[in-house]
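As the structure lists them, so they are numbered: ligands from 1, and atoms in each ligand from 1.
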Amino acid sequence: MDFKDKLYVVTGASADSDIGLAICQSLDELGARLILVGRRAQALEETVELMKNKHHVMSVFDLSQTNSIASWVKVLVEDYGAVDGLVHSASFQGYSPLRGITAKQINQYFDVNFSAALMLVSAFSKAKHFNQNASFVMIGSAAGVRGLKARTLYAASKAALSSMVQSAALELANKSIRVNCVAPAVVNGAKAEIQFKTLGETQSKALIASHPLGLSAPKDVANSVCFLLSPLSAKTTGITLPVDGGFLVG
Ligand SMILES: NC(=O)c1ccc[n+]([C@@H]2O[C@H](COP(=O)([O-])OP(=O)(O)OC[C@H]3O[C@@H](n4cnc5c(N)ncnc54)[C@H](OP(=O)(O)O)[C@@H]3O)[C@@H](O)[C@H]2O)c1
């Protein structure tokens, strides 16, 4: 895989995001130029500092401002040119037991996990905003495929993402834009540690055991993202690719 002279937007690129950082590092190693997106400038600067190449730029933007995404993307394209692809890794994560769900919470999950993704796909697929054979990759979740207790909102927002890539893939095929989703199960890192603390020892052991190949590393997710961005997957569109250590077949 060679991404030299290719330009990608990566959302959720803050240095303390396990998966977002791994995606940036993999694309950087393969020569891509990146537009790193997140809400905290300092966390994006830390990612830039960790990169081998120094040709990356950052854009501080709150993706929950979904009404502003189209105009922000227009400015990005004016400043940096048309993109070769997009990776939407930013997300709102957490637990939402049914007894306490509020309308505000529904918006928190869906704004970033789904609505922002859809607005990004819509904006970057406009004429002159993308280069030939562009590829858009959404980071979904195994939770979007299989139910999980107390995670209704997160799971439903990720299921909406997997549905969206199917319809968007059909609609954008005539522009040769591919749209896919990568669905990790539990990934080793800070989020997994929080999850294990919440669940306690017995449930954590059971969760780990439900991944027959073991938990994925952030790099495993990044490898699949690179595959879906690259010409190696030229005929793959509209899919959700699990990176789940076998979680979904159990
Ligand atoms: N970790 C896992 O085990 C796991 C499992 C399955 C799926 N996933 C999915 O994989 C992706 C990455 O997960 P992760 O745990 O590595 O991510 P993470 O640590 O939650 O990082 C996500 C990043 O997104 C940015 N972000 C959040 N809200 C934003 C907003 N409104 N506007 C702009 N940026 C925003 C945050 O940076 P700022 O605070 O700087 O904005 C944050 O660093 C997510 O889509 C997640 O749902 C993760």
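Protein heavy atom in closest approach to atom 42 (C) of ligand 1: Ser14 OG, 4.3 Å. In this structure, the protein non-hydrogen atom closest to atom 4 (C) of ligand 1 is Ile19 CD1, 3.9 Å. Counting only heavy atoms of the protein, atom 33 (C) of ligand 1 lies nearest to Phe61 O, 3.3 Å. Ranking the protein heavy atoms by distance from atom 23 (C) of ligand 1 puts Gly12 CA, 3.5 Å first. Atom 6 (C) of ligand 1 has as its closest protein heavy atom Pro184 O, 3.3 Å. Of the protein's heavy atoms, Gln93 NE2, 3.5 Å lies nearest to atom 13 (O) of ligand 1. The protein non-hydrogen atom at the shortest distance from atom 2 (C) of ligand 1 is Val187 CB, 3.9 Å. If you check which protein heavy atom lies closest to atom 27 (C) of ligand 1, you get Arg39 NH2, 3.3 Å.
Of all atoms in ligand 1, numbered sequentially from 1 with element shown, those under 4.0 Å from a heavy atom of Ser89 are 11 (C), 12 (C), 44 (C), 45 (O). Listed by number with element, the atoms of ligand 1 under 4.0 angstrom from any heavy atom of Val112 are 31 (N). For ligand 1, the atoms lying closer than 4.0 Å to a non-hydrogen atom of Gly140 are 7 (C), 9 (C). The distance from ligand 1 to the heavy atoms of Tyr154 drops below 4.0 Å at these ligand atoms: 6 (C), 7 (C), 8 (N), 9 (C), 46 (C), 47 (O). Shown in contact with Gly38 at under 4.0 Å from a heavy atom are these atoms of ligand 1, numbered in order with element: 34 (N), 41 (O). Annotation for ligand 1: atoms under 4.0 Å from non-hydrogen atoms of Ser64 are 31 (N). For ligand 1 and Asp62, the ligand atoms under 4.0 Å from any heavy atom of the residue are 30 (C), 31 (N), 32 (N). Residue Lys191 approaches ligand 1 through these ligand atoms, each under 4.0 Å from one of its heavy atoms: 1 (N), 15 (O), 18 (P), 19 (O), 20 (O).
Residue contact annotation: Gln195 has no non-hydrogen atom under 4.0 Å from ligand 1.
Ring centers of Phe124 and His129: at least 6.0 Å apart, outside the cut-off.
When every heavy atom of Val165 is checked against every heavy atom of Ile239, the shortest pair comes out as CG2-O, 3.8 Å. Closest of all the heavy-atom pairs between Cys24 and Leu34 is O-CD1, 3.6 Å. Listed here is the closest heavy atom pair of Met164 and Val121: CE-CG2, 4.0 Å. Shown here for Tyr109 and Ser157, the closest heavy-atom pair between the two residues is O-CB, 4.1 Å. Taking all atoms of both residues into account, the shortest heavy-atom contact from Ile19 to Pro184 is CD1-CG, 4.4 Å.
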Passes side-chain contact (heavy atoms from CB on, under 4.5 Å), Ser96 versus Arg151? Steps please. CA-CA 5 Å; Ser96 56; Arg151 303 204 82 180; 5.6 Å; no
Chi angles and distances behind the side-chain contact (heavy atoms from CB on, under 4.5 Å) call for Ile208, Lys205: CA-CA 5 Å; Ile208 293 167; Lys205 276 192 180 152; 5.8 Å; no
Run the side-chain contact (heavy atoms from CB on, under 4.5 Å) check on Phe196 and Leu207 step by step: do they pass? CA-CA 9 Å; Phe196 294 145; Leu207 182 60; 4.1 Å; yes
Criterion side-chain contact (heavy atoms from CB on, under 4.5 Å) on Gln93 and Tyr154, from CA distance to verdict: CA-CA 6 Å; Gln93 296 185 53; Tyr154 179 70; 3.7 Å; yes
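Both Val48 and Tyr8 are assigned to one and the same hydrophobic cluster, defined by single-linkage of ILVMFWY side chains at heavy-atom distances under 4.5 Å.
In terms of N/O distances under 3.5 Å, ligand 1 is not approached by Val37. For Ser141, no nitrogen or oxygen atom sits less than 3.5 Å from a nitrogen or oxygen atom of ligand 1, counting backbone and side chain alike.
Under 4.0 angstrom from ligand 1, the non-hydrogen atoms of Ala185 all belong to its backbone. Under 4.0 Å from ligand 1, not a single heavy atom of His88 appears.
Both cation-pi conditions hold for Arg146 and Phe247: the charged atom is under 6.0 angstrom from the six-membered ring centre and inside a 45 degree cone around its axis.
A salt bridge is absent between Arg33 and Asp5: the closest approach of a Lys/Arg side-chain nitrogen to an acidic carboxylate oxygen does not fall below 4.0 angstrom.
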